[in-house]
Engineer: 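Dropping the structure in here first, questions after.
So that the names make sense, note that chain A is the first sequence line, chain B the second, and so on, each numbered from 1. For the numbers below, each heavy atom of this structure counts, side chains included, while hydrogens, waters and symmetry mates do not.
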Protein chains: 2
Amino acid sequence: VRDANGLRERIDAALDRFVAAQQGVLDAIGPELDSVLGALRDLLHNGGKRLRPAFCYWGWRGAGAPDGAEIIVAAAALELLQAGALVHDDYIDESDTRRGRPAAHRRFAALHRAEGWRGDPDTFGAATAIILGDLCLSWCDEMFEQSGLPPAALFRAKPVFQLMRTEVMAGQYLDVLGQHRGGRGLQSALRVVRFKSAKYTIERPLHVGGLLAGADAGCLAAYSGYGLPLGEAFQLRDDILGVYGDPAETGKPAGDDLREGKQTVLVALAYQRTEGPDREALDRGLGDRSLGPDGIDRLRAILTQSGAVAEVERMIETRTEQALAALDGGAIEPEAAGALRGLAVAATTRRG
Amino acid sequence: VRDANGLRERIDAALDRFVAAQQGVLDAIGPELDSVLGALRDLLHNGGKRLRPAFCYWGWRGAGAPDGAEIIVAAAALELLQAGALVHDDYIDESDTRRGRPAAHRRFAALHRAEGWRGDPDTFGAATAIILGDLCLSWCDEMFEQSGLPPAALFRAKPVFQLMRTEVMAGQYLDVLGQHRGGRGLQSALRVVRFKSAKYTIERPLHVGGLLAGADAGCLAAYSGYGLPLGEAFQLRDDILGVYGDPAETGKPAGDDLREGKQTVLVALAYQRTEGPDREALDRGLGDRSLGPDGIDRLRAILTQSGAVAEVERMIETRTEQALAALDGGAIEPEAAGALRGLAVAATTRRG
């Protein structure tokens with residue numbers, strides 16, 4: 001992702017400062033909490049695209065507000081929401097790794113084993129991951145509010161900030177429900193994409209930044225026109241990477257989405273386009289956690305041959321074009337529009 | 001708990017209004033979310049003492065601010081934090097019931113079974129409980145901020161509101177860690193009581209209410225002088241109820257804390273006062289989830305005979321006296337001081 005104004009470094013520095021301040025708070029409660037904060041620090045330092053902070057920052061700039069230290073802190077706070085969501089989602093999805101390293105619940109189960117503590121290591125790992133995620137969800141408000149922006153600006157943006165959290169959690173429930181209830185419909189897969197990804201990753205961060213800056217209705221509408229299709233394209237790229245991505249670049253095992261049985265748009269399209277033995281192979285294979293390399297390859301071949309992959313690539317292209325067109329109406333300041341153009345390309349052509 | 005000004009009903013009405021508004025938000029995302037909100041509604045309607053809202057309300061009144069609709073909403077928001085904490089704690093502690101009804105993760109596992117969905121019912125139950133708790137933790141901010149109190153007042157109180165959340169989550173981690181790491185020290189049990197209960201249940205809610213009203217340092221100090229010892233006494237009463245309480249009044253199975261192996265102050269004192277076969281029986285029995293009625297009775301007898309129960313009763317008495325004395329300095333408005341006196345007695349002599 002293109003990094004104008006050294007944005008990435010400034011966001012990371014703001015996160016480091018916030019975590020260091022929380023370390024002081026936790027130390028006063030108990031030194032044992034150091035390992036909880038260590039897990040957060042490693043997660044933040046171990047990559048991540050900082051997409052939500054970047055969109056929030058450009059949402060502010062695009063509404064005509066100047067660069068400054070305060071908006072960096074407010075934008076960086078969204079990364080704590082993302083960290084909390086990842087920690088909880090990884091436990092819910094039974095993912096073993098995150099960005100190539102053990103997921104939080106696995107990390108704390110390993111600590112339990114290494115220390116030879118009593119009881120079940122996995123129970124301890126689950127408990128700690130839930131608590132760490134809760135802390136992150138709570139801290140994202142705290143960091144946002146301590147950004148130094150005026151209370152009136154924060155209060156203008158806070159309702160959308162809150163709605164964003166409700167939407168991502170609701171989307172996560174619909175995702176989990178879809179995996180258990182079955183029914184591989186395209187519409188329900190697209191709804192999960194809309195709430196769990198498109199709004200959460202792009203549209204709402206832009207709105208939060210815009211509202212902090214006092215954006216007018218035309219600017220906010222342009223952000224939706226750009227953010228919703230781009231967010232869908234972003235998630236559709238993720239669907240493809242979850243099946244065909246290189247583990248060295250995605251940080252996740254090859255074909256992980258297949259093993260988890262994720263109800264993606266890619267899978268929904270493949271279901272529409274297969275029958276007979278191919279369809280039975282999808283039914284058997286998707287969600288089979290013991291699936292080996294051969295099984296993964298077989299499913300990949302079915303998805304490709306069905307034409308679903310090509311269709312998803314076409315959907316990504318159409319949506320990216322739609323998103324870029326929304327930048328041209330003149331409602332967004334030119335420098336920000338340029339940055340958003342760069343982010344759109346980066347988000348939809350990435351390999352990890 | 002004494003209910004001046006119809007406080008309980010007004011708090012419940014504010015919660016109902018907030019939940020109804022969220023229902024509108026969730027309906028627009030997907031009708032399936034109705035079952036998630038239904039679980040929250042049942043949890044809120046199924047009892048609970050509304051202690052944190054009550055302390056927040058009296059913290060406001062005690063600083064000299066008048067009764068009003070806004071403080072009721074802000075105070076009631078603390079009940080959503082508590083709801084989220086209960087839902088997550090029940091899953092972490094593997095508790096089957098809450099207030100005499102199935103805990104959230106059990107409720108959703110039962111829904112999964114009843115609907116005959118795919119995959120593991122308990123995995124679905126866990127996922128839904130985590131998401132429901134996340135929503136509650138997020139909504140508590142939202143309700144607080146939408147109370148209608150002026151932004152300046154909210155911003156004065158918000159840092160302590162945030163600290164309260166960090167403290168309760170940190171206390172929960174220390175509690176979980178204590179159960180796994182062992183080491184039944186009195187000091188570590190008292191530390192968990194301080195952060196997970198005394199500050200969270202009483203001192204911080206009073207501070208939040210006080211800060212909303214613009215309380216001076218003397219008033220806030222009096223709240224600490226009252227809240228910390230009373231909070232400890234409240235939790236020590238909980239320790240006794242967790243072992244000897246009547247399931248019809250506590251809503252939890254008899255001796256549940258023993259089966260969970262909770263590292264309470266009561267247990268820590270019993271360890272200091274036993275040796276030989278009694279101590280071995282504690283070691284074997286505490287945390288044994290298969291413990292039957294005879295095993296529970298044996299452990300109860302050891303705790304009583306050790307003198308630990310009498311010691312905890314003495315600690316409750318001393319702390320309650322300390323708390324009441326802190327109300328006498330004149331820093332708290334008389335009507336609020338009277339209400340806090342009533343709450344102190346109710347919180348430490350309750351049976352469920």
Engineer: Is there a side-chain hydrogen bond (donor to acceptor under 3.5 Å, both in side chains) between A/Ser224 and A/Glu203? Walk through the geometry before answering.
Structural biologist: CA-CA 6 Å; A/Ser224 294; A/Glu203 188 203 27; 2.6 Å; yes
Engineer: Okay, side chain of A/Arg156, backbone of A/Leu211: is any donor-acceptor separation there less than 3.5 Å?
Structural biologist: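 Checking the backbone N and O of A/Leu211 against the side chain of A/Arg156, a donor-acceptor pair under 3.5 Å is found.
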Engineer: Does any heavy atom of chain A fall under 4.5 Å from the side chain of B/Leu135, the backbone, both, or neither of them?
Structural biologist: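 Contact with chain A: backbone and side chain both.
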Engineer: At a heavy-atom distance under 4.5 Å, which candidate from B/Leu137, B/Leu174, B/Asp141 has the highest pair count against chain A?
Structural biologist: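 Sorted descending by pairs with chain A, the first entry is B/Asp141.
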Engineer: Sequence neighbours left out, what passes ring pair (Phe, Tyr, Trp, His ring centres under 6.0 Å) with A/Tyr91? Give chain and number order.
Structural biologist: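 A/His105.
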Engineer: For A/Glu115, which atoms come within 4.5 Å of any heavy atom of chain B: side chain, backbone, both, or neither?
Structural biologist: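 Neither the backbone nor the side chain of A/Glu115 comes within 4.5 Å of chain B.
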Engineer: Quick one: of A/Gly171, A/Gly84, A/Ala170, A/Ser138, who has the most non-hydrogen atom pairs under 4.5 Å with chain B?
Structural biologist: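 Sorted descending by pairs with chain B, the first entry is A/Ser138.
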Engineer: Specify which of B/Val168, B/Leu163, B/Thr123 makes the most heavy-atom pairs with chain A at under 4.5 Å.
Structural biologist: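 Top count of heavy-atom pairs under 4.5 Å with chain A: B/Thr123.
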Engineer: Among B/Gln146, B/Glu94, B/His88, B/Glu145, single out the residue with the greatest number of heavy-atom pairs under 4.5 Å to chain A.
Structural biologist: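 Among the listed options, the one with the most contacts to chain A is B/Glu145.
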Engineer: Between chain B and each of A/Val25, A/Leu154, A/Leu177, count heavy-atom pairs under 4.5 Å; write down the option with the most.
Structural biologist: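 Ranked by contacts with chain B, first place is A/Leu177.
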Engineer: Distance-only, no hydrogens or angles: does the B/Arg259 side chain make a donor-acceptor pair with backbone N or O of B/Leu291 under 3.5 Å?
Structural biologist: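 Side chain of B/Arg259 to backbone of B/Leu291, a donor-acceptor pair under 3.5 Å: yes, one is there.
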Engineer: Specify whether B/Phe124 and B/Phe108 have parallel, tilted or perpendicular ring planes, treating 30° as the upper limit for parallel and 60° as the lower limit for perpendicular.
Structural biologist: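 Perpendicular, since the angle between the ring planes exceeds 60°.
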Engineer: What is the ring orientation for B/Phe18 with B/Trp139, classed by angle as parallel under 30°, tilted 30 to 60°, or perpendicular over 60°?
Structural biologist: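 B/Phe18 vs B/Trp139 ring planes: perpendicular.
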Engineer: Counting heavy-atom pairs closer than 4.5 Å to chain B, which one of A/Val36, A/Leu26, A/Asp93, A/Leu132 comes out on top?
Structural biologist: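 Max contact count across the listed options: A/Val36.
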Engineer: With a 6.0 Å cut-off on the ring centroids, do B/Phe161 and B/Phe144 count as close?
Structural biologist: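 Ring-ring flag for B/Phe161/B/Phe144: true, centres closer than 6.0 Å.
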Engineer: Quick one: what part of B/Phe195 sits under 4.5 Å from any heavy atom of chain A, side chain, backbone, both or neither?
Structural biologist: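 It is the side chain, since no backbone atom gets that close.
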Engineer: Check whether any side-chain N or O of B/Arg17 sits under 3.5 Å from a backbone N or O of B/Val73 as a donor-acceptor pair, and report yes or no.
Structural biologist: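 Judged by distance alone, no pair lies under 3.5 Å.
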Engineer: Please identify, among B/Asp134, B/Thr166, B/Asp89, B/Leu81, the residue contributing the most non-hydrogen atom pairs under 4.5 Å to chain A.
Structural biologist: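 Highest number of heavy-atom pairs under 4.5 Å: B/Asp134.
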Engineer: Among A/Ala28, A/Gly30, A/Ala127, which residue forms the greatest number of heavy-atom pairs with chain B at distances under 4.5 Å?
Structural biologist: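 Between A/Ala28, A/Gly30, A/Ala127, the count favours A/Ala127.
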Engineer: Heavy-atom cut-off 4.5 Å, strictly under: side chain, backbone, both or neither for A/Phe155 against chain B?
Structural biologist: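 A/Phe155 touches chain B through side-chain heavy atoms alone.
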Engineer: Examine whether an atom of A/Asp120 lies under 4.5 Å from a heavy atom of chain B, and if so say whether it belongs to the side chain, the backbone or both; otherwise answer neither.
Structural biologist: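 Looking at A/Asp120, just its backbone touches chain B.
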Engineer: Using only atom types and a distance under 3.5 Å, with no angle test, would you say the side chain of B/Tyr271 pairs donor to acceptor with the backbone of B/Asp283?
Structural biologist: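 Answer holds: yes.
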